[in-house]
Amino acid sequence: MEKQNNFGSGETAVAEVDKKNNKKKSTGKWKKIVDPLIFIGPHLLFFLVFFIIPFFFGIFISFTKWDLMSDIEFVGFQNFAQIWDIKGWINSTNVFADKFFSGLKYTLYYTVVMVPLIVIVPLIFALAIHKLSHGKKFVQAVLYIPSLLSVATVALTWRWLLDLDNGVINNFFFKDNPINFVKDYAWQSIFALTLWSGVGGNLIIFMAGLSGIPQSYYEAADIDGANGWVKFWKITLPEMSFQLLFTTVMGTIGAFNVFGQPYMFGTPTGQKVLMQYIQEYAFGSSVSMAGMASAMSVSLGLIISVFSVIQFRLMRVKD
């Protein structure tokens with residue numbers, strides 16, 4: 001009987017140990033799930049509330065007629081049919097198509113001019129700084145500082161500097177014949193202020209790319225008698241293809257979304273970018289046309305998506 005009791009007690013003890021081990025394993029599994037959520041939870045909540053929900057709600061609103069106050073009226077593809085009415089735009093009989101294509105035209109104008117500048121100029125700076133023997137970090141930091149400023153700060157500061165009556169530039173350099181930069185050279189000023197504030201970010205990317213190129217490549221080129229131009233085309237550019245692709249595509253996406261610079265600095269009459277018309281339809285008048293604004297936003301998003309697809313295809317080719 002004692003042996004049986006001892007055997008029974010042993011079985012009970014083993015069962016208790018197994019129970020505790022299973023409990024620990026279960027607790028460990030839950031910890032593996034819960035612990036990461038504690039850290040990323042706030043970000044996920046922010047992402048859900050301020051991106052995912054507005055994203056899908058905006059797509060839904062693009063198929064409706066809504067003024068932000070009254071009941072939502074579903075109209076299907078009517079908003080899209082109006083803004084993509086090419087015939088109405090050509091004949092100037094459809095105001096929505098006219099503003100959509102006008103805004104898209106100046107958005108494309110900004111993109112075509114700005115993207116090459118925001119890629120080529122930082123690349124030139126990066127190549128020059130990379131060759132410096134001293135002061136690299138200082139020059140890099142000086143060029144990067146403007147990118148820390150908000151778009152509103154940069155645009156309003158430049159507008160004050162270039163003001164016709166009280167601007168520092170006119171008072172010091174063109175006192176006798178002041179130039180109306182805001183009216184006559186608005187787009188050139190917008191390109192300049194955007195470039196001034198945007199050089200720093202791409203400069204960092206290009207500097208990192210240059211530092212990752214093995215020096216042995218250049219040494220081998222020197223042995224073969226290659227000059228600086230040949231080394232740039234045959235070594236530097238191919239080795240930095242990913243950085244160039246990334247900055248070009250991201251710069252294009254950012255350019256299509258331009259709003260703050262032309263809105264804050266000002267553009268000539270009738271030369272607004274698409275995001276300005278979207279803002280006007282949604283919030284810029286006494287009666288909102290949120291459905292039409294959302295349709296324009298979705299259309300712009302589809303255009304941007306094309307460039308994203310191109311990016312992924314090019315990256316796949318690169319890999």
Side-chain angles (χ1 to χ4, degrees), residues 108-149 151 154 157-158 161-162 169 173 181 185 187-258 261 304 306-319:
L108 285 170
Y109 170 57
Y110 174 86
T111 302
V112 169
V113 175
M114 200 65 243
V115 172
L117 286 175
I118 208 67
V119 173
I120 295 172
V121 174
L123 178 61
I124 293 171
F125 276 119
L127 292 170
I129 295 171
H130 188 69
K131 292 184 177 182
L132 293 177
S133 56
H134 301 287
K136 286 185 180 181
K137 298 294 183 182
F138 175 76
V139 177
Q140 191 172 319
V142 170
L143 292 173
Y144 184 73
I145 287 174
S147 65
L148 300 175
L149 303 175
V151 172
V154 173
T157 301
W158 274 69
L161 290 171
L162 299 174
I169 303 298
F173 299 103
F181 288 99
Y185 299 96
W187 283 110
Q188 291 87 338
S189 301
I190 289 171
F191 295 144
L193 69 90
T194 305
L195 182 63
W196 178 77
S197 63
V199 164
N202 286 348
L203 175 66
I204 299 297
I205 295 172
F206 291 143
M207 289 295 293
L210 287 171
S211 63
I213 301 175
Q215 193 62 30
S216 58
Y217 292 179
Y218 295 104
E219 293 172 356
D222 288 333
I223 293 173
D224 291 338
N227 58 31
W229 189 248
V230 172
K231 287 189 283 186
F232 174 74
W233 280 105
K234 299 294 184 179
I235 300 175
T236 305
L237 282 185
E239 288 297 316
M240 292 186 65
S241 58
F242 179 80
Q243 287 82 3
L244 290 168
L245 172 65
F246 177 80
T247 53
T248 300
V249 176
M250 295 306 294
T252 303
I253 293 172
F256 270 111
N257 282 291
V258 66
Q261 296 93 326
I304 293 172
V306 172
F307 288 92
S308 298
V309 171
I310 293 172
Q311 177 188 22
F312 292 129
R313 291 287 179 88
L314 290 174
M315 283 184 175
R316 192 175 299 172
V317 171
K318 170 64 178 177
D319 294 338

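In this chain, residues are counted from 1 in sequence order.
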To the closest 0.5 Å, what do you measure between [atom1] ([X]) and [atom2] ([Y])?
| X | Y | atom1 | atom2 | value |
| --- | --- | --- | --- | --- |
| Tyr109 | Met114 | OH | CE | 11.5 Å |
| Ser147 | Ile204 | OG | CD1 | 7.5 Å |
| Leu143 | Asn202 | CG | CG | 12.5 Å |
| Leu132 | Phe138 | CG | CZ | 12.0 Å |
| Ile118 | Thr194 | CD1 | OG1 | 7.5 Å |
| Ile129 | Lys131 | CD1 | NZ | 13.0 Å |

Show the nearest heavy-atom pair for residues [X] and [Y], with the distance to one decimal.
| X | Y | value |
| --- | --- | --- |
| Pro238 | Phe232 | CD-O, 4.3 Å |
| Leu148 | Tyr144 | CD2-CE2, 3.6 Å |
| Ala221 | Ile235 | CB-CD1, 3.8 Å |

Once salt bridge (Lys or Arg N to Asp or Glu O under 4.0 Å) is applied, what residue pairs with a partner in residues 223-234 remain, sequence neighbours excluded?
Asp222-Lys231

Summary of salt bridge (Lys or Arg N to Asp or Glu O under 4.0 Å) pairs that have at least one residue in residues 189-207, sequence neighbours excluded:
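Not a single pair qualifies under salt bridge (Lys or Arg N to Asp or Glu O under 4.0 Å).
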
Donor-acceptor contacts, no H, no angles, side chain residues 246-254, under 3.5 Å, sequence neighbours left out:
residue : atom : partner : partner atom : Å
Thr247  : OG1  : Gln243  : O            : 2.9
Thr247  : OG1  : Leu244  : O            : 3.1
Thr248  : OG1  : Leu244  : O            : 2.7
Thr252  : OG1  : Thr248  : O            : 2.7

Does Phe125 have any ring-ring contact (aromatic ring centres under 6.0 Å, His included) partners at least two apart in sequence or in another chain, and if so, which?
none

Could you go step by step and tell me if Leu108 and Phe256 meet the side chain to side chain contact (heavy atoms under 4.5 Å, CB included) rule?
CA-CA 7 Å; Leu108 285 170; Phe256 270 111; 3.5 Å; yes

Under the side chain to side chain contact (heavy atoms under 4.5 Å, CB included) criterion, do Val154 and Trp196 qualify, and how do the steps go?
CA-CA 9 Å; Val154 173; Trp196 178 77; 4.0 Å; yes

When Ile124 is tested against each of Val121, Ile120, Leu127 for side chain to side chain contact (heavy atoms under 4.5 Å, CB included), which residue passes?
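Result for side chain to side chain contact (heavy atoms under 4.5 Å, CB included) with Ile124: Ile120.
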
Given Leu123 and Met240, is the side chain to side chain contact (heavy atoms under 4.5 Å, CB included) satisfied, shown in steps?
CA-CA 10 Å; Leu123 178 61; Met240 292 186 65; 4.1 Å; yes

Counterpart residues, salt bridge (charged side-chain N to carboxylate O under 4.0 Å, His left out), relative to Lys136 (two or more places apart):
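Salt bridge (charged side-chain N to carboxylate O under 4.0 Å, His left out) check on Lys136 returns nothing, list empty.
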
Going through the distances and angles, do Tyr185 and Phe191 end up as a ring-ring contact (aromatic ring centres under 6.0 Å, His included)?
CA-CA 10 Å; Tyr185 299 96; Phe191 295 144; over 10 Å; no

Can you give each donor-acceptor pair under 3.5 Å made by side-chain atoms of residues 205-219, sequence neighbours left out, with the distance rounded to 0.1 Å?
residue : atom : partner : partner atom : Å
Ser211  : OG   : Met207  : O            : 3.3
Ser211  : OG   : Ala208  : O            : 2.7
Tyr218  : OH   : Thr236  : OG1          : 2.8

